[in-house]
**Student:** 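Sharing a structure here in structure tokens format.
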Amino acid sequence: AVVGIIGCGYVGLPLALEFAKKGFRVVAFDLDAPRVDQINRGISYIPDVPTEELSRVVKSGHLIATTDFHRLSGVDTVSICVPTPLRKTKDPDISYIVSALDNLVAHRSASPQLIILESTTYPGTTREVMLPALESEGKFKVGKDFFLAFSPERVDPGNPVYNIVNTPKVVGGITPECTKLASLLYGSIVEKVMPVTSTESAEMVKLLENTFRSVNIGLVNELALMSHNLNLNIWEIIEAAASKPFGFMPFYPGPGLGGHCIPIDPHYLSWKARQTGFEARFIELAGVVNGFMPHHVVNRIVFGLNEQTKCLRNARILIVGVAYKKDVNDLRESPALDVMALLEKSGAILAYSDPHIPTLKWGSTTLSSVDITNRHELSTYDCAVVITNHSGVDYKSLIGAVPLIVDTRNAFKGLSHPSIVSL
Ligand code: SAJ
């Protein structure tokens, strides 16, 4: 079988590689010509896709990338891995799915194709949006002229243990035949397939997984705010609670929610609930608590500067760690950007340090990562705020060099020093 992939990003490229490694011929489509060119030169731009593996399957002819959608009209299966962001209004934006759909309909294949949507979206998208478009007013019949399923991507970017192959793949088809075909396809590259009875179930599984995370992170963020007022060490409390061998799963407070999923997926769920007249208050409240954390971080910086009779205006502030989570090089929705925007609005002068992100476009300027082992450079800052605690960074080099350190990630592991202010 020839496998088609639409969207060569964090989801599509790793998936394309897996199919190609298993011997499938893969045609990977992306709108972005430079990306397509990089893939065809065997050069990876995704940390979870090793360049040597990519170049091997490109050289062997198992993987080819293209900007020409017509190249997909001859493939047997198509996995749609396009972004599903939010609009400014925080409502779902499925325009990328719709344009992939328009392309599929415009370049319809002569023989039946198995089409799988992987992009995280609200329950009902596959059946209510994709199915009618593909059936084209009854000219084509699902289960006969094409097959349609939903299967969420569930990988944790940068996770050293869990990947596409060893993470069970949830699959839900419009018809049992669709579920079976999609299970067969993914069963050839993953260890375990988890079939469910409908596309809506499969769509909802993904939203449950990610909303579970954002709600639990919201809970510990609220406990962190409470512990701050009670003068308690939330990190010690969570660590001790995590000693319970069953029934507890630790989450950690932080400067806010980043990444291309966790801050976004709960809004897809609460939007859909609202369409049915149901107010998902619990989920929305978690979003409010998580959304407050960047403001709380700025409050802690103001408090620390104030203790040294300094104000934010013209204060030189070094953001230590800007990626959206530790040990990744991804800035998407990073809370560091929210904190930086708030600080800049109050007239602070910003710099940052992140071993995974060498340069950062900030407004009309491009900042370069500061080397925090350079003590002379450090001594020019009024405050260093640890936003993302990447592994292998010597945070202790900040002590004695910068008069105020705000630690939002327990990077100092409880080490107390007069210059360190916690979350
Ligand atoms: N965060 C906290 N406290 C925590 C955990 C995370 O503040 O206890 C923050 C992180 O710093 C980050 C954000 O939340 O800014 C999201 O973190 P994440 O660990 O959920 O990481 P993602 O978004 O890269 O990956 C998640 C996957 N994570 C895990 O399974 C551990 C998984 O939920 C999804 O497969 C994936 O999103 C996705 O693509 O949907």
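Excluded from the calculations below are hydrogen atoms, water molecules and symmetry mates; all remaining heavy atoms, backbone and side chain alike, are included. Just follow the structure's listing: the first ligand is 1, and inside any ligand the first atom is 1.
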**Student:** According to the interplanar angle, ranging from 0 to 90°, do the rings of H107 and F69 count as parallel (below 30°), tilted (30 to 60°) or perpendicular (above 60°)?
**Tutor:** tilted

**Student:** Taking 4.0 angstrom as the limit and counting only heavy atoms of G258, give me the atoms of ligand 1 inside it, by number and element.
**Tutor:**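 Result: 12 (C), 13 (C), 15 (O), 16 (C).
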
**Student:** Tell me, which protein residue and heavy-atom name are nearest atom 24 (O) of ligand 1, and how many Å apart are they?
**Tutor:** Y324 OH, 2.5 Å

**Student:** Compute the minimum heavy-atom distance from C261 to ligand 1 and say whether it is under 4.0 Å.
**Tutor:**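 For ligand 1, residue contact (heavy atoms, under 4.0 Å) with C261 is present.
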
**Student:** Mind checking whether H295 and F292 have parallel, tilted or perpendicular rings, split at 30° and 60°?
**Tutor:**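 Ring orientation, 0 to 90° scale: parallel.
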
**Student:** Heavy-atom contacts with R154 under 4.0 Å: which atoms of ligand 1 show up? List them by number with element.
**Tutor:** 35 (O)

**Student:** Is the shortest side-chain N to carboxylate O distance from D156 to K325 below 4.0 Å?
**Tutor:**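 A salt bridge is present here (some side-chain N lies under 4.0 Å from a carboxylate O).
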
**Student:** Can you tell me how far apart CD1 (I164) and CD1 (I189) are? Round to the nearest 0.5 Å.
**Tutor:**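 Rounded to the nearest 0.5 Å, the CD1-CD1 separation comes out at 6.0 Å.
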
**Student:** Hey, is V155 touching ligand 1 through its side chain, its backbone, both or neither, going by heavy atoms under 4.0 Å?
**Tutor:** backbone

**Student:** Could you work out, for atom 27 (C) of ligand 1, the closest of N159, D330, D156 by heavy-atom distance?
**Tutor:** D156

**Student:** Any ion pair linking K169 and E118 (charged N to carboxylate O, less than 4.0 Å)?
**Tutor:**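 The answer is yes: the pair qualifies as a salt bridge.
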
**Student:** Using a strict 4.0 Å threshold on nitrogen-to-oxygen distance, state whether E284 and K90 make a salt bridge.
**Tutor:** no

**Student:** Identify, for atom 21 (O) of ligand 1, the protein heavy atom at the shortest distance, and state residue, atom and that distance.
**Tutor:**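 Result for atom 21 (O) of ligand 1: K325 NZ, 3.3 Å.
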
**Student:** If you have a sec, work out which protein heavy atom is nearest atom 23 (O) of ligand 1 and how many Å separate them, to one decimal?
**Tutor:**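 Looking only at protein heavy atoms, the one closest to atom 23 (O) of ligand 1 is I262 CG1, 3.5 Å.
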
**Student:** Would you find more than 12 non-hydrogen atoms of other residues, nucleotides or ligands less than 6.0 Å from E209 atom CD?
**Tutor:** yes

**Student:** Looking at every non-hydrogen atom in both residues, tell me the closest pair between Y268 and P92 and how far apart they are.
**Tutor:**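 Answer, listing the atom of Y268 first, then P92: CE2-CB, 3.3 Å.
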
**Student:** So, regarding Y252 and ligand 1 (criterion: nitrogen or oxygen to nitrogen or oxygen, under 3.5 Å), is there a contact or not?
**Tutor:** yes

**Student:** By number and element, which atoms of ligand 1 are closer than 4.0 Å to a non-hydrogen atom of P157?
**Tutor:** 24 (O), 25 (O)

**Student:** List ligand 1 atoms under 4.0 Å from E153, heavy atoms only on the residue side.
**Tutor:** 38 (C), 39 (O), 40 (O)

**Student:** Going by distance only, is there an N or O of L257 that falls short of 3.5 Å from an N or O of ligand 1?
**Tutor:** no

**Student:** Please report the shortest heavy-atom distance between S353 and V370, naming the atom on each side.
**Tutor:**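 S353 and V370 have their closest heavy atoms at OG-O, 2.7 Å.
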
**Student:** Would you mind running through ligand 1 and noting each atom that sits below 4.0 Å from a heavy atom of K206?
**Tutor:** 34 (C), 35 (O), 38 (C), 39 (O), 40 (O)

**Student:** Would you call E18 and K21 a salt bridge, using N to O less than 4.0 angstrom?
**Tutor:** yes

**Student:** As an exercise, identify every atom of ligand 1 less than 4.0 angstrom from a heavy atom of N210.
**Tutor:**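 Selected atoms, number and element: 32 (C), 33 (O), 34 (C), 38 (C), 40 (O).
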
**Student:** Given H267 and I283, is the side chain to side chain contact (heavy atoms under 4.5 Å, CB included) satisfied, shown in steps?
**Tutor:** CA-CA 8 Å; H267 289 284; I283 294 171; over 6 Å; no

**Student:** Under 4.0 Å, heavy-atom basis, I'd like to know which part of R409 is in contact with ligand 1: side chain, backbone, both or neither.
**Tutor:** side chain

**Student:** Could you list the atoms of ligand 1 found under 4.0 angstrom from a heavy atom of F251?
**Tutor:**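 Answer, ordered by atom number: 8 (O).
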
**Student:** Which heavy atom of the protein is the closest neighbour of atom 6 (C) of ligand 1, given with residue, atom name and distance?
**Tutor:** I217 CD1, 3.5 Å

**Student:** Consider ligand 1: state whether an atom of it lies below 4.0 angstrom from any non-hydrogen atom of R213.
**Tutor:** yes

